[in-house]
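All remarks here apply to the structure that follows.
Labels below follow one simple rule: chain letters A, B, ... track the order of the sequence lines, proteins then strands, and each chain is numbered from 1.
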Amino acid sequence: MSGDNIFAALTEEHGGDARWAFGTGFTDALAGVDTDLPDGVDGQDLALYCQMLGDDALVQAQRLTEWVTDAPELEEEMALANIALDLIGQARLLLARAGQADGTGRDEDAYAYWRDPAEFRNVRLAAAPRGDFARAVVTLLVLSSARLAVFARLADSRDPVLAAVAAKAVHELAYHRDYAASWAVRLGDGTDYSRERMRAALADVWPLTGELFACHPVEARLAGQGVAVDPAQVREEVHGVLAQVLAEARLEGPGPFPEPVLAGREGRHGAELAPLVEEMQKVAREHPGATW
Amino acid sequence: MTVTQEAPDSAHQAHFDAAIAADRRIEPRDWMPEGYRKTLVRQVSQHAHSEIIGMQPEGDWIASAPSLRRKAILLAKVQDEAGHGLYLYAAAETLGVDRADLTQRLVDGRQKYSSIFNYPSLTFADVGVIGWLVDGAAICNQVPLCRSSFGPYARAMVRICKEESFHQRQGYELLMRMMEGTEGQRAMVQDAVDRWWWPSLMMFGPPDDESPNTARSMAWGIKRNTNDELRQKFVDMTVPQADKLGVTLPDPELVWNDERGHYDFGDPDWNEFKQVVSGAGPCNAERIARRRAAHEKGAWVREAAAAHARKHNTEEAAV
């Protein structure tokens, strides 16, 4: 893959190894990977789990792209766009896998564009209003830390597709977390004003963090079969990461995570999700039967 | 400096002239006439600003791109444009100007950018047409700049042109797909072509007899072709592509001229061009207001980063 030119990388042939076929270049998202369901795994469960992980990425990416043409520096426009691009790549593979697992054969776009907001399975924090740059940094720090911890374990999943997606994504997520952490430190240990903004952002984001570690029954069943990761297992690790970053940023905390309560994973979302989804879907829905 | 400070201006000038005559590159540490430096600062910074403002008309469609593949392509393209802006600001900085100052000049409306970006993008078909026509015109303009006499600009253009050609191909591919789609999609494509054709032709600048700076820029090797030469090249390149796509270019005078070996074509509305350049285009105020708002809203973030760096440097120095 061309490291110095993202576009070359996107359009290159990948030699049939779909583990590397992230981004925009591929047409068959899962070519080359064994797509049979692992023995004993319920396809509906797996499909729902793929939607949970896929929707987290898709919705977070949709929110992040709001920074394009609106960031404090050009370097930040590029970085946030790059992170969103990684997440879209992850979402595409996960949603395509959902369509295989549930037996409907739906493609990634069928899930992204033709489900209603209540059918989305993302955690609420992914959809939370973007707020200011400090809020974006804190949100990204929390989401990328949790996702990295889950995906590092998911790379050993019995489902070869999830394992392939996770193995590639951990490198991306490590960068997302490093990027957010570096800004958390600059803003926390920058000016009095930026420190205040970070405190406010942490106060806004923190109530939404408990949900990240709530284990849905589908996650519990699949984790028991070696397919999924129980998010409760990464809670302490993620807390440790955040504590380390906030200490470096000379900010207090963090306090304990709130109680792990299911919400978005069961389709119960805040008011902010519907307009986000509506904007994403509007052109596709205005042109049923169209090809893009 | 490759020539001694004490040498009289005439010796510097002779050295510079010899380099230009031999088609050698001028590098930042070489002596250069003040007019050459100023012309380049103007051209390179306007080019950088164009990349940055050019993110807006297409960026407006990232949120609503109708497939995830198109969303990723568009996002990557807009990200590339930010990258092009950065290379070009870096090239401008080798001429002794400061990026922050150039940005301030842009948001204050004291420096221009390509007028094409003052037209609105009204439908998703505009994303494809901007890729095909606007990036196509940009490539015609920019490929000769890879041989610009100023080294940093020429080198930046090599990389930029490679990426622009991806953008053009992807824009054209989107249009091909849309033309294979529904009647509504085909109508969208034709409508977008109708709106962008003339502004694309204007991207090459005024006709040669009204372009006061062209002769000097060509003598200095900053420009390699006249505006009209490049416009002709673009038309010749684009007409067969339009035929293949199945769209009509909105120019009744467009016809192949066997004698010339080129297409004849009508004149763009140069009054409209002057209006848009002078700030009265459909989106001039909106484009600058958005860039200015982002810049001002982000000031505290840049200040925090600078404050952190100062503390960090002081702490390191104290160790």
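With a threshold of 4.5 angstrom between heavy atoms, A:Q62 approaches chain B through side-chain atoms but not through N, CA, C or O. Only the backbone of A:A71 has a heavy atom closer than 4.5 Å to any heavy atom of chain B. Looking at A:A134, both its backbone and its side chain come within 4.5 Å of chain B, counting heavy atoms on both sides. Contacts of A:R197 with chain B are made by side-chain atoms alone, with heavy-atom separations under 4.5 Å and no backbone atom involved. With a 4.5 angstrom heavy-atom cutoff, A:T69 touches chain B via backbone and side-chain atoms both. For A:L58, the part lying under 4.5 angstrom from a heavy atom of chain B is the side chain only. Residue A:D132 touches chain B through its side chain alone, counting heavy-atom pairs closer than 4.5 Å. For A:I88, the part lying near chain B is the side chain, with the backbone staying farther off; criterion is any non-hydrogen pair under 4.5 Å. With a 4.5 Å cut-off on non-hydrogen atoms, A:R250 touches chain B through its side chain but not through its backbone.
With chain B as partner, the option from A:A84, A:A112, A:A290, A:G289 having the largest number of non-hydrogen pairs under 4.5 angstrom is A:A290. In terms of heavy-atom pairs under 4.5 Å with chain B, the best-connected choice from A:L80, A:T191, A:L276 is A:T191. Listed options A:E286, A:K282, A:E73 were ranked by heavy-atom pairs under 4.5 angstrom with chain B; first place goes to A:E73. Annotation: maximal heavy-atom pairing with chain A below 4.5 Å, among B:G181, B:A82, B:A63, occurs at B:A63. The candidate from A:F133, A:W67, A:Y113 with the greatest count of non-hydrogen atom pairs under 4.5 Å with chain B is A:Y113. With chain A as the partner, the residue from B:A294, B:G298, B:A307, B:A309 showing the most heavy-atom pairs under 4.5 Å is B:A294.
B:Y153 and B:H47 have perpendicular rings, their planes meeting at more than 60° on a 0 to 90° scale where under 30° would count as parallel.
No donor-acceptor contact under 3.5 angstrom links the side chains of B:R69 and B:S67, judged on distance only. A:E172 and A:Q90 share a donor-acceptor pair across their side chains, judged by distance under 3.5 Å alone. A side-chain donor from one of A:R97 and A:Q100 sits under 3.5 Å from a side-chain acceptor of the other. Side-chain atoms of B:N118 and B:S115 form no donor-acceptor pair, as typed in the model, at a separation below 3.5 Å.
Judged by the 6.0 Å distance and 45° axis criteria, A:R115 is positioned over the aromatic ring of A:F120.
The two residues A:A127 and A:L273 come nearest to each other via the heavy atoms CB-CD1, 3.8 Å.
For CD of B:E296, the number of neighbouring non-hydrogen atoms (other residues, nucleotides, ligands) closer than 6.0 Å is greater than 12.
One finds no salt bridge joining A:D189 and B:R310 here, because no Lys/Arg side-chain nitrogen approaches an Asp/Glu carboxylate oxygen to under 4.0 Å.
Side-chain contact between B:D80 and A:M78 is absent, with no heavy-atom pair separated by less than 4.5 Å.
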